[in-house]
S.K.: 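The structure under discussion is supplied below as structure tokens; questions concerning it will follow.
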Protein chains: 2
Amino acid sequence: MNIGDAARASGLPSKTIRYYEDIGLLVPPRTANGYRDFGPREINILTFLARARALGFTIEECRALLALWQDTDRASADVRRIAQTHLEEIDRKISDLRDMRATLANLVHCCAGDDRPDCPILESLARGGAAG
Amino acid sequence: MNIGDAARASGLPSKTIRYYEDIGLLVPPRTANGYRDFGPREINILTFLARARALGFTIEECRALLALWQDTDRASADVRRIAQTHLEEIDRKISDLRDMRATLANLVHCCAGDDRPDCPILESLARGGAAG
DNA sequence: ATAGGCCTTCCAGTCGCTGGAAGGTCAAGC
DNA sequence: GCTTGACCTTCCAGCGACTGGAAGGCCTAT
């Protein structure tokens, strides 16, 4: 299976797959002509990576998860710890975004959005504090 | 006012201020010895930028907002449009993060997190679908 | 004179790709 | 056998928004 088929099978772009090989996440064998040769094992790794990335795990977290996945003697506690840490990171991001959203929504709400120059959004950015 | 004082006044690291000059967001004058010289005008620009960045506006959005701020003939509609677009972007991010969070929280919840190898998190990443 | 704390520029690295150039390979059609 | 076009290869550069560090200049205090 060539890289294009692996890309279609895993949902990852070919470029990304090459990049993952570059950074050592997987090492597909090569055929005689130098093409990468993806078998079921490689496709499994790629779909694993695609799913982990879709859940927002960093590449290094993916690397760790992949290692645990391939280690049948792993402790599920190790996996859970990574996921838990990531969950907390996501919660932090959501919280930050919600704060931004609240401020911004208020500003947008207060701005007339017409052809006059008066603008609570700019005023707030200039002087600090909320609109009004 | 030297860059260090400007950094303390605006809350931005000196490095970031130099970077902002590099990309043309502000052009502080220089004193005879080549040091950047920050006056009230520059400090205002820097605090404006710091606040806009804190609301998650991209550098290019900041550049546009800054231009509108400095244009007393602006239409508030132009400002509002930028803010509205950014608000939608934030909503998209929050929504994506919430989806991730939901899946991940479920997986974490289902994982025993002990010293045994069985792990619904890895199983889900491997086979797709939810835990269980 | 020297110490230290600023300031300067420039280059490289972060993260996770993504685009593009230059060239090799392969299967189909004529 | 030759061309066409779709694939594959490597390598280098760039994105956004900084951040770190090296090498060197300046300024003030002792």
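Throughout, a chain's letter reflects where its sequence line sits, starting with A, and its residues are numbered from 1. Keep in mind the model is a prediction, meaning the values are calculated, not measured.
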S.K.: Once you round it to whole Å, what is the distance between C1' of C:dC17 and CG of A:Asp22?
M.R.: 11 Å

S.K.: Got a sec? Which of residues 34-62 of chain B come in under 4.0 Å of DNA chain D, heavy atoms?
M.R.: B:Tyr35, B:Arg53, B:Thr58, B:Ile59

S.K.: Which residue is it: B:Arg81, B:His86, B:Glu88? I am looking for the one with a side-chain hydrogen bond (donor to acceptor under 3.5 Å, both in side chains) to B:Gln84.
M.R.: B:Glu88

S.K.: Quick check on C:dC26: is either OP1 or OP2 less than 4.0 Å from any side-chain nitrogen or oxygen of A:Asn33?
M.R.: yes

S.K.: Would you call B:Ser10 and B:Glu42 a side-chain contact if the rule is heavy atoms closer than 4.5 Å?
M.R.: no

S.K.: Could you check how far CD1 of A:Ile3 sits from P of D:dC8, rounded to whole Å?
M.R.: 7 Å

S.K.: Can you find a heavy atom in the side chain of A:Arg101 that is under 4.5 Å from one in the side chain of B:Leu87?
M.R.: yes

S.K.: Do the side-chain N or O atoms of B:Arg18 get closer than 4.0 angstrom to the phosphate oxygens (OP1, OP2) of C:dC11?
M.R.: no

S.K.: In whole angstroms, how far is the C1' atom of C:dG16 from the CD atom of A:Glu21?
M.R.: 17 Å

S.K.: Could you please name the option among D:dC18, C:dC7, C:dT18 that lies closest to any side-chain atom of B:Tyr19?
M.R.: D:dC18

S.K.: Just how far, in rounded Å, is C1' of D:dA6 from CZ of A:Arg8?
M.R.: 11 Å

S.K.: Could you check whether A:Asp114 and B:Ser76, counting side-chain N and O atoms only, form a donor-acceptor pair closer than 3.5 Å?
M.R.: yes

S.K.: Atom CZ of A:Arg63 and atom P of C:dC17: how far apart are they, to the nearest Å?
M.R.: 12 Å

S.K.: Using heavy-atom distances to pick each residue's nearest nucleotide on DNA chain C, tell me which of A:Ala32 and A:Tyr20 is more 5'.
M.R.: A:Tyr20

S.K.: Within the structure provided, determine whether B:Glu21 and B:Tyr19 are in side-chain contact (heavy-atom separation under 4.5 Å).
M.R.: no

S.K.: Which of these passes side-chain contact (heavy atoms from CB on, under 4.5 Å) with B:Leu49: B:Leu65, B:Ile59, B:Leu25?
M.R.: B:Leu25

S.K.: Among all residues two or more places apart in sequence or in another chain, which pass the salt bridge (charged side-chain N to carboxylate O under 4.0 Å, His left out) test with B:Asp5?
M.R.: B:Arg8

S.K.: Between residues 86-104 of chain A and DNA chain D, which residues have a heavy-atom gap below 4.0 Å?
M.R.: none

S.K.: Would you say that B:Arg51 contacts B:Leu55 through its side chain, given a criterion of any heavy-atom pair below 4.5 Å between the two side chains?
M.R.: no

S.K.: Are OP1 or OP2 of D:dA17 and a side-chain N or O of B:Thr16 less than 4.0 angstrom apart?
M.R.: no

S.K.: Please state how far atom CD1 in B:Ile17 lies from atom C1' in C:dC6, giving the value in whole angstrom units.
M.R.: 14 Å

S.K.: Taking the side chain as every heavy atom from C-beta outward, state whether B:Cys110 and B:Val108 have any atom pair closer than 4.5 Å.
M.R.: no

S.K.: Using a 4.0 Å heavy-atom cut-off across all strands, classify B:Ile23 as base, sugar-phosphate, or nothing.
M.R.: nothing

